[in-house]
Amino acid sequence: MRYIEATIYTSSYGLEPVTALLEEAGIFGVAVEDPEEIRRLLEKKNPYDWDYVDPSVLALQNREPSIRFYLDDTEEGRKQLEEIRIRMMLLKGSEYEGRLQEGATLGRMYLADRLVDDSQWQDTWKEYFRPVKVTDRLVIRPGWEMYEPEGPDELVLSIDPGMAFGTGAHATTVLCLELLEKYMEPGDAVLDIGCGSGILSIAAALLEAGQVLGIELDPQAVAVAVENVALNGMSHRVEIREGDLTRGISCKADLLLSNLMADLVMLLSDAAASHLTERGIWISSGILTEKRDRVVSHLKERGFRIVEVRERDEWCAIAAKAKGKV
């Protein structure tokens with residue numbers, strides 16, 4: 001489907017009146033970029049508040065304030081766009097006439113528009129997803145790509161992550177897969193908390209786990225994971241269930257997987273021990289190396305024994321056993 005992407009460049013002061021202008025024109029779904037908000041957040045930032053600040057977020061500090069919205073590429077949509085241009089001119093006129101508060105400016109008040117095709121967006125990202133060997137035995141391939149195993153021990157995991165979920169190449173996932181491959185034994189019961197697109201759950205099944213249960217909060221991710229499990233022929237061994245961490249889960253696992261953030265890992269720690277068998281191991285990832293010591297200390301305080309810590313890039317994963325477990 002083709003539609004018009006329109007962006008109005010203004011000032012931080014101008015964001016509110018321009019949003020009101022758009023609402024008067026019948027447009028309520030907008031994306032606002034305000035560098036002042038980013039700067040205020042960063043000024044208040046405590047190093048323990050956030051696990052990670054993406055460089056793209058930092059770059060927003062230097063951008064011009066803007067409001068983005070979309071219109072159908074129809075005659076009606078183009079007429080609506082011209083109406084908005086006229087409203088913008090009238091609003092800018094109020095600045096020239098001195099009707100704004102003292103010292104206030106609306107910035108450039110420039111409207112840029114372009115035609116976009118969402119079918120192009122849906123497929124462009126696929127160009128960057130190719131088969132990749134992530135551990136000694138595991139290869140992840142996109143469902144639309146062919147791949148022949150290079151040896152009898154190589155296991156191929158097919159995945160179609162959709163546009164919103166991981167492909168398995170991220171360091172946090174690779175760390176989990178490495179530890180999973182090392183510590184899991186055939187027939188093990190596996191519990192995957194925050195399973196996303198299902199990569200860890202499917203990998204466990206390929207490595208001959210007994211029964212695998214994946215828990216995911218996002219219903220869209222649940223649907224993607226279910227499809228990926230079926231794509232790999234593992235529906236008989238892997239169950240994907242919508243849920244929030246371990247709430248409502250009573251099963252015990254020989255291997256508990258959680259590729260989450262540091263704070264969620266610590267939050268999960270109180271419940272994790274009760275979901276492990278006597279020889280069970282908890283593999284947690286998604287932890288920045290700068291938070292490694294904090295998470296390790298927290299786990300030890302909760303009675304866990306650290307078995308191994310692995311690092312890759314700026315991330316780490318921890319394998320741990322609960323107190324009293326063999």
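Numbers here are sequence positions counted from 1.
Between D72 and R2 there is no salt bridge, since no side-chain N of the basic residue sits under 4.0 Å from a carboxylate O of the acidic one. For D188 and R279, the salt-bridge test passes: some basic side-chain N is under 4.0 Å from an acidic carboxylate O. The pair R114-E5 counts as a salt bridge, with a side-chain nitrogen and a carboxylate oxygen less than 4.0 angstrom apart. For D263 and R294, the salt-bridge test passes: some basic side-chain N is under 4.0 Å from an acidic carboxylate O. Under the 4.0 Å criterion applied to side-chain N and carboxylate O atoms, K79 and E75 are assigned as salt-bridge partners. Comment: E95 does not engage R99 in a salt bridge, judged by the lack of any side-chain N to carboxylate O separation of less than 4.0 angstrom.
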Pair E64-Y9, side-chain hydrogen bond (donor to acceptor under 3.5 Å, both in side chains): steps then yes or no:
CA-CA 7 Å; E64 187 175 6; Y9 294 96; over 6 Å; no
Could you walk me through whether Y110 and M88 pass the side chain to side chain contact (heavy atoms under 4.5 Å, CB included) check?
CA-CA 8 Å; Y110 173 73; M88 287 172 58; 5.8 Å; no
Any chance you could lay out the side chain to side chain contact (heavy atoms under 4.5 Å, CB included) test for L255 and L180, step after step, and finish with the verdict?
CA-CA 8 Å; L255 214 61; L180 169 66; 3.2 Å; yes
Start with the C-alpha distance between R85 and D113, add both sets of side-chain angles, then the distance that settles salt bridge (Lys or Arg N to Asp or Glu O under 4.0 Å), and finish with yes or no.
CA-CA 11 Å; R85 290 185 193 275; D113 64 273; 2.6 Å; yes
Would you check, one step at a time, whether the test side chain to side chain contact (heavy atoms under 4.5 Å, CB included) holds for M109 with M89?
CA-CA 8 Å; M109 286 295 283; M89 292 172 60; over 6 Å; no
Report the C-alpha distance between K182 and E178 in whole Å, list the side-chain angles of each, state the deciding distance to 0.1 Å, and finish with yes or no for salt bridge (Lys or Arg N to Asp or Glu O under 4.0 Å).
CA-CA 6 Å; K182 179 176 179 177; E178 289 176 346; over 6 Å; no
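In this structure, Y3 is not a member of the same hydrophobic cluster as I67, with clusters built from ILVMFWY side-chain heavy atoms closer than 4.5 Å. Following chains of ILVMFWY side-chain contacts shorter than 4.5 Å, one cannot reach I159 starting from V139, and the two form parts of different hydrophobic clusters. Y70 and L21 are members of different hydrophobic clusters when ILVMFWY side chains are connected at heavy-atom separations under 4.5 Å.
Taking the six-membered ring wherever Trp is involved, the centroid distance between the rings of H170 and W315 falls below 6.0 Å.
Checked against S284 for a side-chain contact (heavy atoms from CB on, under 4.5 Å), the options V265, L260, L256 give a single hit: V265.
Although no hydrogens or angles enter the test, the distance criterion places no donor-acceptor pair under 3.5 Å between the side chain of H275 and the main chain of K252. In this structure, the side chain of R305 does not engage the main chain of K321 through any donor-acceptor pair within 3.5 Å. A donor-acceptor contact shorter than 3.5 Å links the side chain of N228 to the backbone of S197. With hydrogens and angles ignored, the 3.5 Å screen pairs a side-chain donor or acceptor of S285 with a backbone N or O of T172. Under a 3.5 Å cut-off, the side chain of Q80 and the backbone N or O of E76 do not form any donor-acceptor pair.
Annotation for K133: atom NZ counts as buried by contact number, over 12 foreign heavy atoms lying within 6.0 Å. Counted within 6.0 Å of CD on E208, heavy atoms from surrounding residues, nucleotides or ligands total 12 or fewer; the atom is thus considered open. Within 6.0 Å of OH in Y96 there are 12 or fewer heavy atoms belonging to other residues, nucleotides or ligands. Heavy atoms from other residues, nucleotides or ligands lying under 6.0 Å from CD of E308 number more than 12.
For the residue pair T135 / E181, a side-chain donor-acceptor distance below 3.5 Å is found, with atom types taken as modelled. A side-chain N or O of R141 and one of S158 form a donor-acceptor pair less than 3.5 Å apart.
Taking 4.5 Å as the limit, some side-chain heavy atom of L177 sits within range of a side-chain heavy atom of I140. Side-chain contact between E185 and D254 is absent, with no heavy-atom pair separated by less than 4.5 Å.
Residue pairs that meet the side chain to side chain donor-acceptor pair (under 3.5 Å) test with at least one member in residues 230-240, sequence neighbours left out, are E239-R241.
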Using a 3.5 Å cut-off and no angle test, enumerate the donor-acceptor pairs between side-chain atoms of residues 189-196 and protein atoms at least two apart in sequence or in another chain.
| residue | atom | partner | partner atom | Å |
| --- | --- | --- | --- | --- |
| D192 | OD2 | S201 | N | 3.4 |
| D192 | OD2 | S201 | OG | 2.8 |

